[in-house]
Amino acid sequence: MSTLLIITAVVTLFAAVAAMSLRNLVHCALMLAVSFSGVAALYLQLNAEFVAFTEILVYVGAVAILIVMAILLTRSGESPEKSVLTAGWYAGVAVTAMVFTTLGWAILSSSALPQTVAPAPVVSVKNIGDTLMGRYVLPLEIVGLVLTAAMIGAVLIAFKAEPRDKNQKS
Amino acid sequence: MNPLTICLLISALLFATGFAGAVTRRHAILVLVGIELMLNAANLNLIAFWRFGPHPEALTGFIFVLFSMALAAAEAAVGLSLVIAIYRHQQTSNLDEVRELKG
Amino acid sequence: MNGIVQFLWLIPVLPLLAAGIIAVNKQPQRRLAATLAIGSMALGFLLSLGAFSATLAPHEGAGPFRAVDGFNWIQFGGPDHWLQLGWVLDPLTAIMLVMVTFVGLLIFIFSVGYMAQDQNFMRFFCFLALFAAGMLGVVIANNLFLFFVSWEIVGLTSYLLIGFWFHKPSAAAAAKKAFITTRIGDLGLLLGMVWLYAQTGTLNFYDHGKGCLEAGACMQMATQVTLGGLAVSTMIGLLIFLGAVGKSGQVPLHVWLPDAMEGPTPVSALIHAATMVAAGVFLVARVYPLMAAGAPPLETGVPVTTALTVVTWVGAITAIFAASIAVAQYDIKRILAYSTVSQLGFMMIGIGVGGVAVGMFHLITHAFFKALLFLGSGSVIHGCHEEQDVRKMGGLRKYMPVTFVVYAIGMLALAGFPLFFSGFWSKDEILHHAHNWSGSPIPFYLGCAAALLTAFYMTRQVALVFYGKYRGGAGDHAPAHAHAEAPAHGRQPSAHDHDLDPDHNHGHGHGTPHESPAVMTVPLMILAAFAILLGFIGTPAWPWFDGYLTGEAASFDLGKLFTSGTVFVLLLSSVIAFTGLTLGWILYGQRQRQNAGEKDVLEAAQPTLFKLLHNKYYIDEIYELTVIRFNAFAAWLCDFLDQWIFGGAVLLVSYAAIGGAWVCRRTDEYLINGGFDAACALLRELGGGSSKLHTGRVQTYLRVIGVALVLLILFLIWGRKA
């Protein structure tokens with residue numbers, strides 16, 4: 001169990017690092033998809049099957065594709081000539097180190113974490129459905145609204161409104 | 001080292017990776033990629049706490065993650081459309097060059 | 001009793017109103033001015049006669065008649081503390097009222113003729129009326145305040161009238177001199193009055209026993225001793241006497257009177273012979289109770305105090321001093337002016353040695369004959385076409401007979417020709433009391449010497465003016481235009497009016513002297529009549545005047561004439577008068593000078609003495625060297641102080657203010673403005689620095705968020721722990 005966990009984690013992390021450091025953007029997007037899959041595998045090992053499949057569906061099936069489409073639309077498919085790193089990337093690395101150090105230290109020195117491992121819960125989809133429609137119905141509806149708004153917003157923002165088209169239409 | 005700590009560390013590493021990419025890479029889309037990685041790290045954190053924390057049968061962490069994923073997808077959509085719009089406006093997706101809000 | 005006193009205030013107010021009405025008239029209206037002035041004086045004369053008769057009526061109480069009236073004027077101090085103004089009617093007041101209004105009336109009438117050709121006729125009558133108002137106010141005042149105000153009005157109008165022809169520099173200077181000299185005396189008067197008020201607490205002279213001149217107050221002041229061991233009443237009396245010294249031209253403040261002859265002749269007659277200079281004597285008479293307070297009891301009944309002794313001595317010295325100067329003068333009016341000074345000295349002697357009645361008697365008689373002499377000299381000057389030097393006159397007896405006769409009457413009265421002329425009786429009274437004075441015999445001798453000189457110089461003047469041959473101008477015309485020998489006391493036909501010339505331009509140059517018109521000679525004749533008749537009210541045989549003033553009845557007793565003391569002085573004064581007249585006639589009457597340039601007889605005999613007398617003992621020059629120069633120096637010093645010290649202080653203050661303003665400006669510019677500007681620049685830089693935070697780059701923001709996240713976590717952990 002734990003070994004598998006470690007391996008999955010290594011793969012995921014390796015993919016994540018690769019996603020962040022490759023020159024070619026399409027390669028980055030592909031590695032991102034791999035990393036998402038790794039995360040889904042981790043979910044599976046943590047007995048959160050539904051979340052794992054939702055992850056595959058949503059992230060790999062939608063977000064990664066979306067990213068690829070954005071790369072295509074912004075004509076970033078070619079490898080850039082200049083450096084891929086932004087100006088002042090030292091500061092970014094320093095901040096990242098700070099953040100990780102803090103998080104790690106907080107995790108390791110925390111005494112609030114439970115030490116015993118409880119048995120795996122049985123999660124059925126029916127339970128999930130009941131909970132969603134019962135206790136969490138309000139957030140569900142709101143998330144529905146948010147998704148609608150986001151969809152409309154994204155379309156509006158990315159819509160190419162050219163004066164030439166308008167003139168032709170009118 | 002209980003599994004919870006390991007999972008937390010993994011999520012922290014993932015988070016740090018995503019953060020490093022977000023603040024270091026030049027391309028706007030890669031910043032969004034980093035943000036997605038950070039979100040995933042946070043979801044992982046939540047599932048780990050759901051699994052190894054008290055009352056996993058209440059499904060609290062579970063539902064939380066579901067919603068988080070939904071919203072992350074929405075946010076990715078909007079963000080990428082923003083990047084497209086900026087690319088159309090500035091003819092570049094280089095974050096060093098997009099500085100119109102410079103005060 | 002109360003009746004006439006209530007209307008007493010009208011007597012000075014009527015001329016005051018006349019002066020006011022004349023003053024506001026823009027167009028010259030001579031008839032109106034003359035009518036108003038003469039009318040007010042005539043009404044005043046009638047009212048004075050009424051007052052006089054009221055005082056003659058029998059009254060209860062011992063002592064002379066006295067009635068007071070007044071009104072509350074201003075409230076000051078406490079609610080019951082009123083400043084009262086009032087007037088008093090007693091014999092002294094009544095007799096002065098009658099004299100002033102009568103002589104004033106005659107002189108006003110004379111002035112109508114004298115000033116007929118002058119352009120400033122209106123102004124003259126306005127000032128004359130104002131003077132009359134002031135003088136009458138002095139006479140009736142029962143109140144220190146009212147007295148002083150009227151006194152000052154009199155001084156002011158004297159200045160205005162002396163300098164009436166102000167375009168003449170000598171007249172303007174004389175007016176200024178008169179005012180300043182009398183001012184010095186007025187200072188003493190003011191100090192005395194203030195002290196008197198402080199001492200007695202009341203301003204009223206007579207106030208039913210509470211007044212400051214009544215017995216209670218006088219006794220209290222006589223017993224209090226002040227600096228020098230002198231009694232308070234003596235000191236106050238001497239201070240008040242200082243005012244009289246100035247106004248009456250006693251030595252050493254006599255210098256203004258001769259120069260005051262620059263004014264027109266009616267002015268000289270009214271003010272400087274009859275009334276204003278008499279005001280000083282009147283003042284001494286008024287405050288006589290004060291001066292006589294505290295005297296040791298004496299058998300003669302005349303008190304001898306320090307104050308009265310001083311008055312006597314000053315009068316004696318003045319009498320001989322002025323008489324000696326008059327001997328060596330050539331100007332007809334100057335001789336009369338010095339004579340006035342000398343006679344005023346006599347009056348002071350009279351008050352000092354004999355009391356109020358003696359001095360006042362001589363004042364009354366002197367007013368009439370001196371006014372007569374001045375008006376007569378005015379007539380002479382007018383007739384000789386404004387010639388005033390006696391050396392250029394002569395033989396006017398033939399040309400101006402009426403003037404000659406009245407002038408001779410006046411001169412004999414002044415010289416003291418025995419028995420028929422008032423001057424004899426009044427001067428005799430004075431010499432009689434001086435002879436009996438227990439203080440010292442010297443004033444008597446000085447008085448006798450002065451009387452001798454008086455007779456001498458008056459004879460000299462009359463001889464030079466009216467006898468001999470006419471020495472003025474082109475004297476060869478003289479006999480051709482001789483007027484017919486009219487009777488001595490007749491009126492001149494008015495056909496001579498065509499001979500009148502304007503004051504300053506002559507129709508036919510220096511020609512014949514001529515008689516003056518009736519409007520000028522009739523008052524002369526009236527005055528001459530009184531110069532004779534007045535004597536008879538004061539003879540020792542019938543001392544009516546004395547009794548009138550003291551409130552006792554006087555009886556006619558010829559026997560009193562022949563008591564030893566009286567007859568001795570009578571004979572002595574007669575001898576003196578005759579001696580003077582004879583000497584004068586011998587030196588000047590018989591040996592007539594032939595022309596104007598000839599040396600005077602006395603000058604030939606004693607040139608240095610004559611020169612000294614002619615130059616008035618150089619008193620004016622001494623004053624010029626000492627007092628005037630000191631005054632000029634003091635004025636220069638004050639100017640220097642004002643300009644450099646006080647002005648310098650003011651300048652320093654102004655510089656300090658400017659310096660302060662400069663400092664403020666610098667502070668404002670550099671400190672405040674600069675500080676403000678620096679603060680704004682600082683803010684701007686802060687803002688500029690802060691705006692650098694907005695790089696516009698997303699990744700910078702992300703980094704900042706990362707750092708903030710770290711800090712938040714640390715705070716949460718450690719904050720909780722702590």
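Protein chains get the first letters and strands the later ones, always in sequence-line order, with residue 1 at the start of each.
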task = Quickly, which of Val146(A), Leu140(A), Ile142(A) forms a side-chain contact (heavy atoms from CB on, under 4.5 Å) with Phe67(B)? Name it, please.
result =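 Answer after filtering Val146(A), Leu140(A), Ile142(A): Leu140(A).
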With a 4.5 angstrom heavy-atom cut-off, which part of [X] approaches chain A: side chain, backbone, both or neither?
X	value
Ile29(B)	side chain
Asn43(B)	both
Leu66(B)	side chain
Val65(B)	side chain
Asp96(B)	side chain

Heavy-atom cut-off 4.5 Å, strictly under: side chain, backbone, both or neither for [X] against chain B?
X	answer
Val51(A)	both
Val155(A)	neither
Ser35(A)	side chain
Ala16(A)	both

Residue, of Trp89(A), Phe50(A), Tyr59(A), that accumulates the most heavy atom pairs under 4.5 Å with chain B =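 Top count of heavy-atom pairs under 4.5 Å with chain B: Tyr59(A).
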query = What option among Val78(B), Leu71(B), Ile63(B) has the most heavy-atom pairs under 4.5 Å with chain A?
reply =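 With the most close heavy-atom pairs to chain A, the winner is Ile63(B).
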task = Could you check which of Val23(B), Leu37(B), Ile10(B), Asn40(B) has the highest count of heavy-atom pairs closer than 4.5 Å to chain A?
result =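 Option with the greatest count: Asn40(B).
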Please round to the nearest 0.5 Å and tell me the distance separating atom [atom1] of [X] and atom [atom2] of [Y].
X	Y	atom1	atom2	value
Ser93(B)	Leu73(A)	OG	CG	11.5 Å
Leu108(A)	Leu9(B)	CG	CG	5.0 Å
Ile107(A)	Ser11(B)	CD1	OG	6.0 Å
Gln45(A)	Cys7(B)	CD	SG	8.5 Å
Tyr90(A)	Thr24(B)	OH	OG1	12.0 Å
Thr17(B)	Leu13(A)	OG1	CG	5.5 Å

key: Phe14(A) atom CZ, over 12 foreign heavy atoms within 6.0 Å   =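 Counting neighbours around CZ of Phe14(A), 12 or fewer heavy atoms of other residues, nucleotides or ligands fall under 6.0 Å, so no.
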message = Atom CZ of residue position Phe64(B) - does it have more than 12 heavy atoms of other residues, nucleotides or ligands inside 6.0 Å?
response =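 Counting neighbours around CZ of Phe64(B), 12 or fewer heavy atoms of other residues, nucleotides or ligands fall under 6.0 Å, so no.
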key: Donor-acceptor pair, side chain of Arg25(B) and main chain of Met20(A), under 3.5 angstrom   =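 Between the backbone of Met20(A) and the side chain of Arg25(B) there is a qualifying donor-acceptor contact (under 3.5 Å).
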request  = Please confirm whether the backbone N or O of Thr74(A) pairs with a side-chain atom of Arg88(B), one donor and one acceptor, at under 3.5 Å?
outcome  =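 It does not hold such a pair.
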message = Quick one, Asn47(A) and Ile47(B) - any side-chain contact, counting heavy atoms below 4.5 Å?
response =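 The answer is no, as the side chains (C-beta and beyond) never meet within the 4.5 Å cut-off.
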